[in-house]
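Contents: one structure, followed by commentary.
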Amino acid sequence: MSATSRSDIARYDIARYDIAIIGGGLMGAALALLFCKTLPGRRVVLIEQKALESASDQALATPNFDARTTALAPTSAATLRRLGVWPALAAHVTAIRRVQVSDRGHLGWVRLDTDSNAGEPLGYVVENRALGRALTDAMLACEGLELKAPAQVQRLVKRQGGVRLELGDQSLEAELAVVADGADSPLRRQLGIGEFSKDYQQSAIIANVRHEQSHGETAFERFTHHGPLAFLPLGGPDGRTSAVVWTWPSLQAEDALALDDQTFLHHLQSEFGYRLGRLQQVGVRQSYPLRLCLAREQVRSGVVLMGNAAHFLHPVAGQGYNLALRDGLRLAEVLQSAGAGGLGDLALLQEYERRQAGDQRNTVRLSDGFNELFRAHEPHWILLRNLGMIGVEWSVTIRDAFIRQLSGRGSRRANPWVRLAQDS
Ligand SMILES: Cc1cc2nc3c(=O)[nH]c(=O)nc-3n(C[C@H](O)[C@H](O)[C@H](O)COP(=O)(O)OP(=O)(O)OC[C@H]3O[C@@H](n4cnc5c(N)ncnc54)[C@H](O)[C@@H]3O)c2cc1C
């Protein structure tokens, strides 16, 4: 009988996977489902440092499924339908059938409706918590997917043919580590991957607001003295609640949070006007510091950064998660063609990066440009943005291009789902 050393035993104890996803936020969870669907037979593990919340749980500490809402582009809704999570979301989703964009105190004005989008909704608003729970429930039902939560990845070590992940008292190995651990991404730092960062010196104040009139499935984007202000419809077609995302200069955001509800509502009403009648009630307010953060490398041999870890955008155009889902589709598509080099093959991952670069570049420019253009107070910028709005309002060509980009159909190559759906 051959002697087995302690290190051999430790080696054999290490679980091996094809793909390990680090981070079970909205991105990590969607990726896990995507891989289950498009890469059958692959062993996938998702590791999340907080407990995952399922629809039957009440008040667990959870990943970042916070009080926010997410505006989903139609392409993202199609992805979530294909992943099987849409039915569980039905009661928490409100369609956006109309969009009104305006600039406080100026003439520019844009109205979009379903006619500008072949009769289809322009997007959907979903509560993050409901989306997170639906994704968790779908993951629990997914064969071939293992969930480790709560469990924290403390170290990612590159090794021959993949990576080793150290989770405190256990380790595991995978051909490919998908790092979706958020905008601050401790693992990105640990890997020594730099970031391009631009501090907007702004914070997004979010809250749900109850109003006198029904929103009629209309989303409003208004450019105010403080910064862009969005009202996103909640509670179905006749809802009288909207999710407000209001950008403020960081230095003043704390003051805005400290205002009593009536004074806050008064400020909000004077910036937004009476499009929804009187603003009656505001829920808990929270603020999120805003910056643009782009990883300087998104792929290395055996490693790919996804979601906020790869790019964290200004929320003004509601693009962060939508772009991340398109990245996920593209990655899954490329991984389907993995050859002898395995899933972590650098050339394969670079192919993903190359194919998705255009979509990422355009979306980053759109989000950043929107914010810069609509926060500016100089007369020439005000003129430019109002001319832009008039262009979108009156020119079918400009309007179509605008809607295509916002709805995730910016480039013909932007949505590989059709091909994936045929393959899976
Ligand atoms: C105010 C605001 C409004 C937004 N609105 C929109 C919108 O309308 N539309 C849109 O498309 N996008 C929007 N976004 C962007 C969107 O919220 C994100 O793109 C989306 O939530 C994806 O985040 P993520 O999963 O990549 O990261 P996160 O949500 O940060 O999740 C990272 C996860 O990783 C876990 N984790 C971290 N480290 C470890 C570790 N070492 N081990 C294990 N787990 C770990 C964390 O616990 C966390 O759960 C908005 C963003 C903001 C700030």
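Whatever order the structure lists ligands and atoms in, that order sets their numbers, starting from 1. No experiment lies behind these values; they were computed from the predicted model shown.
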Output the list of atoms in ligand 1 that are nearer than 4.0 Å to some heavy atom of [X], sorted by atom number.
X	answer
Gly182	27 (O), 30 (O), 32 (C)
Ala180	32 (C), 33 (C), 34 (O)
Ile47	43 (C), 44 (N)
Gly318	7 (C), 8 (O), 9 (N), 10 (C), 11 (O)
Leu26	21 (O), 25 (O)
Ala151	43 (C)
Gly307	26 (O)
Gln152	40 (C), 41 (N), 42 (N)

(request) Only heavy atoms count here, so choose which of Leu52, Val153, Asn308 is nearest to atom 41 (N) of ligand 1. (result)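 Answer by nearest heavy atom: Val153.
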
(request) Please work out which of Arg291, Met27, Arg68 has its closest non-hydrogen atom nearest to atom 50 (C) of ligand 1. (result)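 Looking at heavy atoms only, the winner is Arg68.
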
Less than 3.5 Å between some nitrogen or oxygen of [X] and one of ligand 1, yes or no?
X	answer
Glu48	yes
Asn322	yes
Tyr321	yes
Gln49	yes

(message) Quick one about His314 and Gln319 (side-chain donor to acceptor, distance below 3.5 Å, no hydrogens or angles considered), yes or no?
(response)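 Distance-only check fails for Gln319 and His314.
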
(message) Quiz question: by atom type and distance under 3.5 Å, do the side chains of Ser242 and His211 form a donor-acceptor pair?
(response)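 A pair is found: one side chain offers a donor N or O, the other an acceptor, under 3.5 Å apart.
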
(message) With a cutoff of 4.0 Å, is Val245 in contact with ligand 1, counting heavy atoms of the residue only?
(response)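 Not so, Val245 does not reach ligand 1.
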
(message) Tell me if a side-chain donor or acceptor on Asn322 pairs with a main-chain N or O of Ala73 at a distance below 3.5 Å.
(response)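 Yes, the answer is positive, given that a donor and an acceptor are paired below the 3.5 Å cut-off.
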
(request) Would you check if the side chain of Asp181 reaches a backbone N or O of Leu305 as a donor-acceptor pair within less than 3.5 Å? (result)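 Not at all, since once roles are kept as given, no pair shorter than 3.5 Å links the two residues.
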
(request) Would you confirm whether the ring centroid of Trp246 sits within less than 6.0 angstrom of the ring centroid of Phe272? (result)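 Phe272 vs Trp246: aromatic centres not under 6.0 Å.
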
(request) Could you tell me whether Glu195 and Arg296 have a side-chain N and a carboxylate O separated by less than 4.0 Å? (result)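 No salt bridge links Glu195 with Arg296.
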
(message) Between Glu173 and Arg164 (salt bridge meaning N to carboxylate O under 4.0 Å), is one present in this structure?
(response)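 Not counted as a salt bridge, because no side-chain N and carboxylate O are separated by less than 4.0 Å.
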
(message) Does the Lys NZ or Arg CZ of Arg222 fall within the cation-pi geometry relative to Phe231 - under 6.0 Å from the ring centre and within 45° of the axis?
(response)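 Pair Arg222/Phe231 does not count as cation-pi.
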
(request) Check the pair Leu52 / Leu147 against side-chain contact (heavy atoms from CB on, under 4.5 Å), numbers first and verdict last. (result) CA-CA 9 Å; Leu52 292 169; Leu147 300 178; 3.9 Å; yes

(message) Measuring only between side-chain heavy atoms, which start at C-beta, is Val44 closer than 4.5 Å to Asp18?
(response)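 Result no, sub-4.5 Å side-chain heavy-atom pair not found.
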
(message) Tell me the contacting part of Ala71 for ligand 1: side chain, backbone, both, or neither, using a 4.0 Å heavy-atom threshold, strictly below.
(response)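 Within the 4.0 Å criterion, Ala71 contacts ligand 1 through backbone and side-chain atoms alike.
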
